[in-house]
Amino acid sequence: MAKSHQRGTVRLEHHSWVGYMNLKVLDPNTGESKWKKQRVGVLGPKSRMTKHQAQDSLDVIIAQKTGGTTQPRADERIATLGWFTRNRFFPLREGSTWKEETARTRKSAIELDILAKFGDVAMEQIDKFMLQTHLNDLARILSAGRVMHARFYMKAIFEEAIDQDFVRKNPARKLILPTQLRPVDKTTLTWDQLRLVLASVPLRDRILLTLDMTETFRPSELFALRWSGFDMDNGTLTVNQTAFRGKLRDWGKTKKSLRTVHVPEGLVNDLSRWKQECLDASPDAYIFPNSRRRNGAKKNGFIRTDNYRARVLKKLAAELGLRKLNFQVLRRTTATLAQTKGNVKDVQGILGHAKPDITASVYMQQIDDGVKQTLDAIYSELTARPKLKAVS
């Protein structure tokens with residue numbers, strides 16, 4: 001039988017044993033959490049149960065409410081939102097739907113945006129009002145994406161708690177997304193700005209950035225490219241691995257991350273030239289290595305994304321007067337400008353997305369000139385002389 005480390009209290013009331021346990025609740029007036037003794041219920045009549053038996057019965061109930069475990073918890077064995085999320089929700093997501101880098105990002109956001117406020121509060125004491133007011137507060141300081149993710153995970157955590165019999169209903173089920181959300185940054189560049197970037201960097205960086213602008217590689221894919229994946233005769237590049245946070249992986253962000261892509265003829269020639277000039281063109285060498293010196297020896301490992309962003313892209317943006325320049329901006333820019341060069345499925349293939357709706361809704365931004373041309377085309381069709389069929 002699982003026992004909680006909290007013993008609770010047994011009292012004799014009207015000839016029956018009644019159990020009590022301590023819960024941490026949120027004071028709606030002060031916003032502070034405090035301990036409160038809660039009545040668990042009648043355990044049994046005194047005529048049929050000794051006090052020790054009543055205490056054992058209470059132990060079972062408390063164990064069920066706190067997760068049915070004998071392991072010590074930092075929150076003093078109360079079934080708080082923090083305990084459930086860290087011990088029951090995170091492990092399920094990490095083992096099934098979240099990859100390593102996704103888990104790190106999502107867990108950090110949930111800790112900051114949800115558990116920092118409600119982590120020590122008993123799940124049964126959290127209601128819709130508490131969650132909605134907190135969501136409204138988040139909307140004043142966080143981006144729209146963070147707020148939407150917070151609402152999604154509030155719902156998901158409580159839904160999982162229902163499945164595991166920790167709570168009876170989901171207080172987050174009908175949360176409303178605040179109307180006044182901070183706009184999401186959707187910076188894109190123009191063709192001239194992209195050309196200016198390429199004209200301002202040396203050969204290696206020009207080829208690297210041209211590859212990123214045309215093939216829209218994610219940095220984890222771009223920096224893991226090796227010469228063995230470059231087929232000059234057929235004009236292709238193959239992504240066999242990805243590099244993330246100093247580690248190589250045999251998988252990518254999506255199923256289409258590891259792929260073979262077509263390389264335009266001019267870019268094939270540039271890569272061939274770079275292969276002749278680079279220090280190491282052996283099959284296992286990285287096409288764009290990190291050539292920093294360590295202890296007098298060359299380090300030809302892969303480039304770290306954060307280093308390249310700080311050393312090259314951020315400085316370029318300042319020098320060229322660009323509002324923002326990073327790999328996300330370059331991918332979004334290519335997706336947006338490519339609207340006039342191909343259809344959504346074509347752009348999806350270039351970006352390596354698993355689904356076209358991500359390409360269309362997240363990456364492809366509206367082009368004002370394109371909207372004008374479309375409106376003019378619609379008007380032209382509407383005002384054209386109708387072609388009447390001859391009446392027989």
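Heavy atoms only: backbone and side chains are in, while hydrogens, waters and symmetry mates are out. If you read the sequence from its start, that first residue is 1, and numbering goes on from there.
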Main chain of Met130, side chain of His134: is a donor-acceptor contact present, judged purely on distance under 3.5 Å? no
Taken to the nearest 0.5 Å, the spacing of Asp270 CG from Leu203 CG works out to 7.0 Å
Sequence neighbours excluded, the answer for side chain to side chain contact (heavy atoms under 4.5 Å, CB included) partners of Leu320 is Leu196, Val197, Ser200, Leu316, Leu322
Between Leu258 and the options Asp250, Thr242, Asn240, the side chain to side chain contact (heavy atoms under 4.5 Å, CB included) test singles out Thr242
Sorted by chain and number, sequence neighbours left out, salt bridge (charged side-chain N to carboxylate O under 4.0 Å, His left out) with Arg173 holds for none
For Ala139, the side chain to side chain contact (heavy atoms under 4.5 Å, CB included) test, sequence neighbours excluded, returns Val147, Pro178, Leu181
Closest heavy-atom pair, Phe302 versus Lys247, reported as atoms and distance to 0.1 Å, is CZ-N, 3.8 Å
_Between Arg226 and Asp284 (salt bridge meaning N to carboxylate O under 4.0 Å), is one present in this structure?_
no
Requested in this report: Just say parallel, tilted or perpendicular for the rings of Phe288 and Trp274, cut-offs at 30° and 60°.
Outcome: parallel
Those residues at least two apart in sequence (or on a different chain) that pass side chain to side chain contact (heavy atoms under 4.5 Å, CB included) with Ala54 are Val10, Trp17, Leu43, Met49
Side chain to side chain contact (heavy atoms under 4.5 Å, CB included) filter on Thr210, not counting sequence neighbours, yields Leu198, Arg206, Thr214, Leu267
(message) I'd like to know if the side chain of Gln132 reaches the main chain of Ile176, judged simply by a donor and an acceptor atom lying under 3.5 Å from each other, with no hydrogens or angles considered.
(response) yes
Polar side-chain atom of Glu221 near backbone of Arg218 as donor-acceptor pair, under 3.5 Å:
yes
So salt bridge (charged side-chain N to carboxylate O under 4.0 Å, His left out) across residues 227-240, not counting sequence neighbours, yields none
*NZ or CZ of Lys275 within 45° of Phe230 ring axis and under 6.0 Å*: no
Do Tyr153 and Arg106 have side chains that approach each other closer than 4.5 Å (heavy atoms only, starting at C-beta)? yes
